*Asks:* 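Sharing a structure, written as structure tokens. Questions coming.
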Amino acid sequence: MRQPLVAGNWKMNGSTASARALLADIKAGVAAVAKCEVAVCPPFIYLPLAQAELTNTAIAWGAQNLSTEAVGAFTGEISAAMLLDCGCSYVIVGHSERRTLYGEDDQRVATKFAVALAAGLKPILCVGETLEEREQGITEAVIARQLDAVIAAQGASALAAGVIAYEPVWAIGTGKTATPEQAQQVHAFIRGRVAAQDASVAEGLRILYGGSMKPGNAAELMAQPDIDGGLIGGAALVASDFLGICRAAHDSV
Ligand code: PGA
């Protein structure tokens with residue numbers, strides 16, 4: 001049985017005051033959703049705040065990105081060691097906004113995945129197709145390419161220490177959620193592709209859905225056999241919405 005994970009991707013939102021309030025509200029509600037693992041990924045600059053507020057709670061925290069480099073003259077970058085220093089256990093890699101807006105290609109994402117793993121962080125690898133790609137009927141080919149870049153570099157066994165998030169680009173921040181059937185189909189495809197390399201890694205692998213997940217649609221998504229939680233953007237900024245999604249994950253167990 002895979003324990004569901006619900007991770008909040010705060011993206012570039014918030015202030016010290018709002019981050020503190022949001023963390024306090026999530027802390028207050030987490031005991032009621034104990035069957036779901038809960039994580040938050042605030043902007044880098046609020047990670048020390050997360051560490052201060054969440055140490056010795058049931059809530060994990062992580063970053064939204066990391067550098068491929070270890071140390072040195074890389075202005076503006078943040079290393080895996082720095083994330084560990086802030087107590088992070090997770091790091092998102094290959095989010096579609098990184099791929100699209102910051103030119104991160106499959107190779108770079110695979111390198112980030114490897115760097116995170118080598119440091120002992122748990123990478124949350126995002127994959128997903130654009131609307132155009134879905135309409136062209138190449139969804140599975142796109143997902144396979146994104147996944148295979150990591151498998152080719154690291155081997156399927158490396159996925160055992162990570163998490164995959166299927167985030168159809170057309171569903172991110174748009175209010176358009178994949179139907180449970182659409183999501184399940186891709187999740188099953190991902191699990192099958194990993195299983196072809198390593199059945200036991202595939203069986204234990206958590207595959208999250210992301211893209212306009214809300215309290216109102218979370219339960220039917222989580223009810224799908226290959227959906228093991230969510231990577232939540234907009235709804236992660238409102239404690240009651242985020243906890244509502246965690247509750248759906250908790251109830252799905
Ligand atoms: P959304 O974002 O929940 O706002 O669609 C999800 C994500 O980008 O991780």
Side-chain angles (χ1 to χ4, degrees), residues 1-9 33-39 41 58 60 62 89-95 106 109-110 112-129 139-168 171 177-211 213 217-232 245-253:
M1 188 71 215
R2 298 178 291 267
Q3 186 191 18
L5 167 66
V6 173
N9 173 11
V33 298
K35 291 185 200 159
C36 162
E37 185 185 351
V38 178
C41 298
S89 37
Y90 287 100
V91 61
I92 299 171
V93 298
H95 190 279
D106 292 331
V109 173
K112 290 189 173 195
F113 189 95
V115 167
L117 266 193
L121 291 160
K122 290 178 257 188
I124 301 174
L125 170 68
C126 299
V127 297
E129 83 288 4
T139 296
E140 292 188 351
V142 170
I143 306 290
R145 193 201 71 221
Q146 293 171 336
L147 198 57
D148 289 356
V150 171
I151 295 176
Q154 293 288 298
S157 62
L159 294 171
V163 176
I164 292 179
Y166 168 55
E167 299 207 310
T177 316
T179 64
E181 295 71 29
Q182 282 173 323
Q184 166 59 25
Q185 196 177 12
V186 177
H187 283 233
F189 172 75
I190 293 170
R191 199 177 307 284
R193 196 153 184 101
V194 177
Q197 308 272 332
D198 190 321
S200 85
V201 168
E203 181 55 32
L205 181 64
R206 290 189 293 187
I207 307 176
L208 315 183
Y209 170 80
M213 199 189 263
N217 59 29
E220 55 176 9
L221 286 158
M222 308 278 190
Q224 301 298 314
D226 290 298
I227 300 185
D228 309 307
L231 182 58
I232 316 302
I245 295 169
C246 296
R247 161 65 73 169
H250 168 94
D251 289 343
S252 75
V253 176

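Treat the numbers as computed from the prediction; the structure is a model and nothing was measured.
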*Asks:* What heavy-atom pair brings A161 and P123 nearest, and what distance separates the two atoms?
*Replies:*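 Looks like O-CD, 4.1 Å.
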
*Asks:* Looking at A202 and R191, what are the two nearest heavy atoms and their distance?
*Replies:* O-NH1, 2.8 Å

*Asks:* Just to verify, which of D198, D228, V194 counts as forming a side chain to side chain contact (heavy atoms under 4.5 Å, CB included) with L205?
*Replies:*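 Only one of D198, D228, V194 forms a side chain to side chain contact (heavy atoms under 4.5 Å, CB included) with L205, namely V194.
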
*Asks:* Please report the interatomic distance CD1(I164) to CG(D226), rounded to the nearest 0.5 Å.
*Replies:* 11.5 Å

*Asks:* Rounded to the nearest 0.5 Å, how far apart are CG of N9 and CG of L231?
*Replies:*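 Reported value, rounded in 0.5 Å steps: 5.5 Å.
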
*Asks:* Using side-chain heavy atoms (C-beta onward) and a distance below 4.5 Å, is V163 in contact with Y90?
*Replies:*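 Touching, per the 4.5 Å side-chain cut-off.
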
*Asks:* Ignoring hydrogens and geometry, is there a side-chain-to-backbone donor-acceptor pair from Y209 to G211 under 3.5 Å?
*Replies:* yes

*Asks:* Looking at E140, is its backbone amide N or carbonyl O close enough to the side chain of E129 to form a donor-acceptor pair, meaning the two atoms are under 3.5 Å apart?
*Replies:*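 Answer holds: no.
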
*Asks:* In plain terms, say whether E203 and R2 are close enough for a salt bridge, that is, a side-chain N and a carboxylate O under 4.0 Å apart.
*Replies:*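 Judged by the 4.0 Å cut-off on N to carboxylate O distance, E203 and R2 do form a salt bridge.
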
*Asks:* Hey, mind stepping through V186 and V127 against side chain to side chain contact (heavy atoms under 4.5 Å, CB included) and telling me if it holds?
*Replies:* CA-CA 10 Å; V186 177; V127 297; over 6 Å; no

*Asks:* Enumerate the residue pairs fulfilling side-chain hydrogen bond (donor to acceptor under 3.5 Å, both in side chains) with a member in residues 114-127, sequence neighbours excluded, ordered by first and then second residue.
*Replies:* none

*Asks:* So with a 6.0 Å cut-off around CD of Q185, is the heavy-atom count from everything else above 12?
*Replies:*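 No, because the 6.0 Å sphere around CD of Q185 holds 12 heavy atoms or fewer from other groups.
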
*Asks:* Rounded to the nearest 0.5 Å, how far apart are CD1 of I124 and CD of E167?
*Replies:*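 It is 9.5 Å, given to the nearest 0.5 Å.
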
*Asks:* Going by atom types alone, do D106 and Q146 pair a side-chain donor with an acceptor below 3.5 Å?
*Replies:* no

*Asks:* To the nearest 0.5 angstrom, please state how far the CE atom of M222 sits from the SG atom of C246.
*Replies:* 7.5 Å

*Asks:* Apply side chain to side chain contact (heavy atoms under 4.5 Å, CB included) to I232 and L208, showing your working.
*Replies:* CA-CA 10 Å; I232 316 302; L208 315 183; over 6 Å; no

*Asks:* Do the side chains of Q184 and P225 get nearer than 4.5 Å, heavy atoms only?
*Replies:* yes

*Asks:* Any idea which heavy atoms bring V142 and G128 closest together, and the distance?
*Replies:*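 Nearest pair, atom of V142 first, then G128: CG1-O, 4.0 Å.
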
*Asks:* State, to 0.1 Å, how close A156 and Q197 come at their nearest heavy-atom pair, and which atoms those are.
*Replies:* CB-CB, 3.5 Å

*Asks:* Enter the distance from Q3:CD to L5:CG here, rounded to the nearest 0.5 Å.
*Replies:* 8.0 Å

*Asks:* Which atoms form the tightest heavy-atom contact between L221 and A178, and what is the distance?
*Replies:* CD2-O, 3.9 Å

*Asks:* Once you round to the nearest 0.5 Å, how far does CG of L159 lie from CZ of R193?
*Replies:* 12.0 Å

*Asks:* Indicate the atoms forming the closest heavy-atom contact of A171 with T177, along with that distance.
*Replies:* CB-CA, 4.4 Å

